[in-house]
Number of protein chains: 2
Amino acid sequence: MNELTDRQKIILSLVVHEHTRTAQPVASKTLINGYNLKISSATVRNEMNTLTEQGFLRQPHTSAGRVPTEEGYRFFVGNMVQHTALPSATRNTIAHQFYQSRKGLEYWLPLAASVLANQSQAVSIVTAPHSEKVTFKHLELIATRASQVLMVLVLVGGEIQQQILSLDAIHSQEQLSQIAAQINHICENASLEQIKNLPLTPDPLVNQVIAAVSDQLSIASKLVTGELYLDGLTNVLSEPEFSDYSPINSPLRFLEERPMLDDLIARTVLTEEIGGVQVLIGGENTWRELQNCSVILTRYGVPDQLSGALGILGPMRMPYSQTISTLRYVAELMSGLVSDNLVN
Amino acid sequence: MNELTDRQKIILSLVVHEHTRTAQPVASKTLINGYNLKISSATVRNEMNTLTEQGFLRQPHTSAGRVPTEEGYRFFVGNMVQHTALPSATRNTIAHQFYQSRKGLEYWLPLAASVLANQSQAVSIVTAPHSEKVTFKHLELIATRASQVLMVLVLVGGEIQQQILSLDAIHSQEQLSQIAAQINHICENASLEQIKNLPLTPDPLVNQVIAAVSDQLSIASKLVTGELYLDGLTNVLSEPEFSDYSPINSPLRFLEERPMLDDLIARTVLTEEIGGVQVLIGGENTWRELQNCSVILTRYGVPDQLSGALGILGPMRMPYSQTISTLRYVAELMSGLVSDNLVN
DNA sequence: ATTAGCACTCTCGGGTTGAGAGTGCTAATT
DNA sequence: AATTAGCACTCTCAACCCGAGAGTGCTAAT
């Protein structure tokens, strides 16, 4: 594939720009009118023709304007989106919302989702941060009714797991606390493997609890993404391209199928270092539900310790530059918050 | 308002039934064909006429069949839905899914949402159980970096709250554990009021932690509904009445506005005893977003201790009898699970 | 290489039409 | 007095046509 001339690049980017604005096919004339180019519409038409032949533009029908193809968007995003900074007013608005929120991940996560959805007028995707390698931090056993015990397990990073254990006999809270202390001593900062390979202790009760801990850690280690927060679902539905709603290939279907979404996040974000941004255009021939959509994903958190994903799903014709900047900024904020509150 | 004759009731219920099936206006002829009535279509037309005058039926246009009005549905649900049991096959399917799920509320809640959405082919609404009066159960302090401490607070009922505290100085885990033990002793089974009114202790650190506990409890006590789980969003969008999607009064908009949804749940479910089922038809002139929808809500859990809401939001023409039975059954199951795992 | 000019194509909205569905009414029937 | 057959009437809906308008591709001139 030969390169594009500068003029072709300009025209491509103008078509993209105009089409994201209007959602309509772009005519040669509207370009020279709206952007006072120094060339005639006929020339633009010629260039558009070659762009169409190269697969970057597409005509909905013989005598309509041009629309960018997936390829076209891909080229645009790959070669022509310059890294612009977010206007400081927007930055302040966003920062302010975090500032006056309650403190704690459980508040920041939905807030991030809401901010992203509002700013981008698209669907936002936020996963709770999760650490790749799970490590024991602290254990607590709490007596409840009869022989049932609530086990609370804190991982390095700050994730908390809970489970109800049924013991063979009734134990007092003092006894339980003592067992917990013992296990905390044994398991301090131990990895899943280390705990799995611990020798049995003389006390069968301790063994039972350690087995439960090991189970919980094992579950946690299999998790790719933490809890999921979505927001702005209605935004995307009000877009004209989804007005003839067909449930078959609706982005909403995609979002409700957790396995698909997990797969997407696992395949893209988690292979990326923090700070990088991935753009998926039109489902990349893999996800049919995302035909007219693009997904922008990034990772936030503390490298190697605790990280999650932030993303935006919107129509393919979205203001990429702006959306990417927004995502970057929110990721930065969230990374700061996570690292300030790291439990290790 | 005078009463309906038996025949009018039958016709109303047939219209409702047929319309839920087809989503089309129901003609007099289709009724006598489909349900082999012993009367003629003309008689049916006459009855339909009076039902229309009474406000139970409606004609989309002069010469179309009839459609039930909100009033019609309300009468139908109030007077004519008999309490049928769920087919045992369905019960088994549902029970089986819970049986082979992982144990723990964090798995049961999304599972309940998924089961309800699938069974009803509508949107399901599930809130985590929450207790009306918050009571201290157990506290744990865990050293992290520098002077930051992770506070884990367990409430009676089993809810867990976490918060990062910044202390004035660095303390060892032993010191922290000792402080926690002290506070556990002071606060055992204390209510929010009791903790608020505790006298200050000589140790300022203990006072700081107790203040934080009091804060957390106070936040928890203001919560009406716990975490929210939704599923089946796409189901409702595939319904024909929402095919001309208008974002203004879409049920999705309603679901995304947490305050509205909380309000709805607070106003209806929480005033209901466990086991009761509430049916809201057409937004009841309060929620405009729910114009063509009905919401069925119930409560599950352990009375006075830990309860949450289960609900289904679907088009107004939904199979009420079946949906109500399903909801009841899932609520029963969930109540059992919650009560088996109660922390008190 | 660019552009003016023009013929050509395709969409889109509006108007028309005819078939079909379903009603309401009236007069006959039970 | 209640029911029903029969029929005229109304309204929707899909199909079709048509003309205006938009936008292109091509050709010939610059």
Side-chain angles (χ1 to χ4, degrees), chain A residues 2-12 14-16 18-19 21-69 72 240-241 243-244, chain B residues 2-12 14-16 18-19 21-69 72 240-241 243-244:
Chain A
N2 45 12
E3 266 311 309
L4 296 185
T5 67
D6 279 355
R7 194 167 67 184
Q8 286 168 339
K9 287 189 192 170
I10 291 175
I11 289 177
L12 175 56
L14 290 183
V15 170
V16 168
E18 190 65 13
H19 184 251
R21 231 173 44 80
T22 62
Q24 295 292 326
V26 181
S28 54
K29 220 173 170 184
T30 54
L31 280 195
I32 54 165
N33 283 347
Y35 300 87
N36 65 327
L37 302 182
K38 296 205 191 67
I39 51 182
S40 80
S41 65
T43 312
V44 174
R45 279 202 291 281
N46 282 332
E47 296 289 36
M48 281 177 158
N49 214 334
T50 67
L51 283 170
T52 307
E53 277 162 14
Q54 308 215 36
F56 293 120
L57 294 180
R58 181 173 62 84
Q59 272 184 302
H61 54 85
T62 327
S63 113
R66 298 301 209 288
V67 168
T69 60
E241 42 268 78
S243 63
D244 59 334
Chain B
N2 45 13
E3 267 313 309
L4 297 185
T5 67
D6 280 354
R7 194 167 67 183
Q8 285 167 341
K9 287 189 191 171
I10 291 174
I11 289 178
L12 175 56
L14 290 182
V15 171
V16 167
E18 191 65 14
H19 184 250
R21 230 172 46 81
T22 62
Q24 296 291 326
V26 181
S28 53
K29 218 171 169 184
T30 54
L31 281 195
I32 53 165
N33 283 347
Y35 301 86
N36 65 328
L37 301 182
K38 296 205 191 68
I39 52 181
S40 80
S41 65
T43 313
V44 174
R45 278 203 291 283
N46 282 331
E47 296 289 37
M48 280 176 158
N49 214 336
T50 66
L51 283 169
T52 306
E53 277 163 13
Q54 309 215 36
F56 294 119
L57 295 180
R58 181 172 62 84
Q59 271 182 303
H61 54 85
T62 325
S63 113
R66 299 302 208 289
V67 168
T69 60
E241 41 267 78
S243 62
D244 59 336

Between which nucleotides of DNA chain D, 5' to 3', does chain A make heavy-atom contacts below 4.0 Å? dA22(D) to dG25(D)
Distances under 3.5 Å between protein N/O atoms and the N/O atoms of nucleotides 12-18 of chain C, please, pair by pair.
none

Remember a base hit wins even if backbone is also touched, and classify Asn49(A) as base, sugar-phosphate or nothing at under 4.0 Å, heavy atoms. sugar-phosphate
Considering every strand and a 4.0 Å limit on heavy-atom distances, what is the contact class for Ser41(A): base, sugar-phosphate, or nothing? nothing
Any pair counted as salt bridge (Lys or Arg N to Asp or Glu O under 4.0 Å), so long as it reaches residues 52-69 of chain A, sequence neighbours left out: none
Sequence neighbours excluded, which residues qualify as side-chain hydrogen bond (donor to acceptor under 3.5 Å, both in side chains) partners of Gln8(A)? Thr5(A), Glu47(A), Thr50(A)
Under the side-chain hydrogen bond (donor to acceptor under 3.5 Å, both in side chains) rule, collect the residues that match up with Ser40(B), sequence neighbours excluded. Thr43(B)
For DNA chain C, whose closest nucleotide is more 5', that of Ser63(B) or that of Ala42(B)? Ser63(B)
Flag, side chain of Thr22(B) to backbone of Glu18(B), donor-acceptor distance under 3.5 Å: yes
Determine whether more than 12 heavy atoms belonging to other residues, nucleotides or ligands lie under 6.0 Å from atom NZ of Lys29(B). no
Residue closer to the 5' end of DNA chain D, Asn46(B) versus Gly65(A) (nearest nucleotide): Asn46(B)
Let me check I have this right: for DNA chain D, each base becomes ., (, ), [, ] or |, based on Watson-Crick or G-U pairs with both distances under 3.5 Å. What is the full string? ||||||||||||||||||||||||||||||
